[in-house]
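In what follows, every chain begins at residue 1, and chains take the letters A, B, ... in the order their sequences are listed. Since the structure is predicted, the reported quantities are computational estimates derived from the model, not experimental observations.
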2 protein chains.
Amino acid sequence: METGKGKDAGRDTGGVGRRLVTLRDVAKAAGVSTATVSLVINDKKGARIGEDTRERVRAAIRRLGYRPNALAKTLSSGTSTFIGLVADGVATTPFAGQIVHGAQDEAWKQGYVLLVANTEGDEGVEKDAIAMMLEHQVRGILYSTWYHRPVEVPPSLDETDFVLVNCFGSDRTATAVVPDEVQGAFTATEMLLRRGHERIAFINTTTPSPARTGRLRGYQEALSAHAVVADEALLLDAQPDQEGGYAVAEQVLHTGATGVFCHNDRVAMGLLDALRERGVTVPGDISIVGFDNQEVISAHTRPALSTVGLPHYELGAVGVRLLLGLEDTPRDAVVRVSCPAVERDSTAELPQPRIPQTTHPRGR
Amino acid sequence: METGKGKDAGRDTGGVGRRLVTLRDVAKAAGVSTATVSLVINDKKGARIGEDTRERVRAAIRRLGYRPNALAKTLSSGTSTFIGLVADGVATTPFAGQIVHGAQDEAWKQGYVLLVANTEGDEGVEKDAIAMMLEHQVRGILYSTWYHRPVEVPPSLDETDFVLVNCFGSDRTATAVVPDEVQGAFTATEMLLRRGHERIAFINTTTPSPARTGRLRGYQEALSAHAVVADEALLLDAQPDQEGGYAVAEQVLHTGATGVFCHNDRVAMGLLDALRERGVTVPGDISIVGFDNQEVISAHTRPALSTVGLPHYELGAVGVRLLLGLEDTPRDAVVRVSCPAVERDSTAELPQPRIPQTTHPRGR
DNA sequence: TTGAAAGCGCTAACAA
DNA sequence: TTGTTAGCGCTTTCAA
């Protein structure tokens, strides 16, 4: 800290209070006006300042350890430096963190700073959070949820620009960005189809949601795209977690499926456990694909799980771009971000049919 | 939106630009001075304002839909409303989210707002993040890591108050708050001891870290507190994830341990998988305890894992309190937060010895 | 019990 | 090429 701080910066510096090197101090030190300093700092285009003066100013800035006051700048210029992000679950899920990360990276790139508020689903907290952001003059607000779902847009959001992230308006339209469930499920199913599987079971969730309907559709579209006839018997339902996957194992075995597409990685993990107990090997006997790419799980099951990723980072980033009008999308559009395939070790070529053709109810 | 916004709020409201109801507008509308309005808004103690005036002001505020400008307030009063939180991994881990949550809750309680920056370990980003926070006049900075470790304190942190969260200064002392590894491991080990186990294996991590040394010590202290003689043969090492736990299973079985304390939940999960494959039941044959309480995993293994929680939420909250001087701890102190026991289904009473006493190398 | 006025640190015309 | 001067929206003495 021999940067020259304690030198002559301290005016009010009384033990506790630190710092207080203002533009004016720099101006005085450099023997120029504050306007000049302001100009070189922001190095404004049109400004014609002598190179010598510039250098003198820069020197003074360094010498005094000057830091611009972003708040004063905002107040004066009227251009905000904040983007608000309200999330309903940064704490309880690994997913929200990715949204925050994506949003932050993009925000920084655009010269903004993220104001994050975690509501954990509490409406009161949410209202306060939005109010707080409004009072801090945010450029706009990203309203995000940790799982893809419809939401009632809080009225106070209308006081600023906003975009919904990982959710969409249930009661009205609003600009939003969500994962492409259909494409994701299509991709997952194709991971199996491409390896020769045709008898593919789909363990969907019991919970009504965009994920449930979207993934079912993606699964069906993939089958028909590959000219594989759908068999209702292959459609299973389960509670969307390890317990659900574990419980449905017997049914899966009964379908005679050679490949299974699970609603999410947790279900896949439960299924894996159950199959192991029954001596069924994966991917030897059965290939499995998950959804979400929840790393803590999918990267470490045995075998490591082939799955499809939920693009949370992208959602956050695209959210910011939409907010700032950087994406050329119509207002109130719902943009869909695709889910990438993450192929690991739970998928393999279909072995020579162990089950005679006759068991195959409806041929292809 | 019939709150009166579009009414007469719009001055500069030109389609895009919103809002601009200032203190002055309110004052004018209420027929008082700005000073008066300011006083009733913050309802200052010493201010003696007539109840009628107060009501008139409040009415005007409501009618105009006035929102105070927090930035102007900060600038004018000199009292910051921000607390910065720089984290090295909100994105990649479920843990950091809890720190954010704890910090935010406590910050709000104290009237502050959290400015979050995720660095993902990038030093450049970190430097920028701190600079950004300094420029935004933060009251102080919480510097956090996603796993407990020593850190080199970035020099620029000295320009403000700061506290280290989930980490501590490697090169110098600084106020910090970390989990109590020793107590945590002690607690975990006791979960086994209390149920009669004496032959308890400890699968530690291979990575040198406060966790490694602290947990070993806690394990040893628990044994001796219960007058159980330590057996070096029970000390195993493994890579700290599922693969590590899976790989070490054979060795664990060889020790003849009836209880196993794993360095973390992921190791426990891997071990569980391996034991299942070998037909060893948990907790029937062997009891297992993890560490971290990483919910996605621990709450859903079969059986659900008994473990010890890492107090991330608390770390964040205490961090804020330390920063604000709300905790009466000496400056530069390292405070330890304890790790709570989370007992689930992987621990059971020691069954009647299936193995003759003689196998027990050294008696108690 | 209230109002006037001087800033907080910075930007942005407008002069010079 | 640089300086002067109003503010941005709010708080805070000091007077009235």
**Request:** Using whole Å, report how far CD1 of A/I61 lies from P of C/dG9.
**Result:** 16 Å
**Asked** Can you give one letter per nucleotide of nucleotides 10-16 of chain D, 5' to 3': B if a protein heavy atom sits under 4.0 Å from the base, S if only from the sugar-phosphate, - if neither?
**Response** BBB----
**Prompt:** To the nearest Å, how far apart are B/L71 CG and C/dG9 C1'?
**Reply:** 12 Å
**Request:** Could you pull out all residues at least two apart from A/A131 that satisfy side-chain contact (heavy atoms from CB on, under 4.5 Å)?
**Result:** B/R67
**Request:** Would you mind classifying the nucleic acid contact of B/G78 as base, sugar-phosphate or nothing, using non-hydrogen atoms under 4.0 angstrom?
**Result:** nothing
**Prompt:** With B/R149, which residues qualify under salt bridge (Lys or Arg N to Asp or Glu O under 4.0 Å), at least two apart?
**Reply:** B/D88
**Asked** For A/E314, which residues count as a side-chain hydrogen bond (donor to acceptor under 3.5 Å, both in side chains) partner, sequence neighbours excluded?
**Response** none
**Request:** Starting from C1' on C/dG7, measure out to CG on B/L75 and report it in whole angstrom.
**Result:** 9 Å
**Prompt:** What integer distance in Å separates B/Q137:CD from C/dG9:C1'?
**Reply:** 9 Å
**Message:** In this structure, how many angstroms lie between the C1' atom of C/dA12 and the CD1 atom of A/I49, rounded?
**Reply:** 13 Å
**Inter-axis angle, terminal five-pair segments of the helix from C/dT1-D/dA16 to C/dA16-D/dT1 [nearest 10°]** = 40°
**Message:** At 4.0 Å (heavy atoms only), tell me whether A/T74 reaches a base, stays on the sugar-phosphate, or touches nothing.
**Reply:** nothing
**Request:** Quick one: which residue pairs count as a ring pair (Phe, Tyr, Trp, His ring centres under 6.0 Å) with a foot in residues 156-177 of chain A, not counting sequence neighbours?
**Result:** A/H148-A/F168
**Message:** Any non-hydrogen side-chain atom of A/I99 less than 4.5 Å from a side-chain atom of A/Y313?
**Reply:** no
**Item:** Rounded interatomic separation in angstrom, taking CZ from B/R48 and P from C/dG3
**Value:** 16 Å
**Message:** Without decimals, in angstroms, what is the distance between A/L134 CG and D/dG9 C1'?
**Reply:** 16 Å
**Item:** By side-chain hydrogen bond (donor to acceptor under 3.5 Å, both in side chains) - contacts of A/E55 (at least two apart)
**Value:** A/R58, A/R62
**Message:** Show every side-chain hydrogen bond (donor to acceptor under 3.5 Å, both in side chains) that has at least one partner inside residues 78-87 of chain B, sequence neighbours left out.
**Reply:** A/H136-B/T81, B/S77-B/T79
**With B/L326 via side-chain contact (heavy atoms from CB on, under 4.5 Å) - residues at least two apart** = B/Q110, B/R321, B/L324
**Electrostatic pair A/K127-A/D122, nearest N-O below 4.0 angstrom** = no
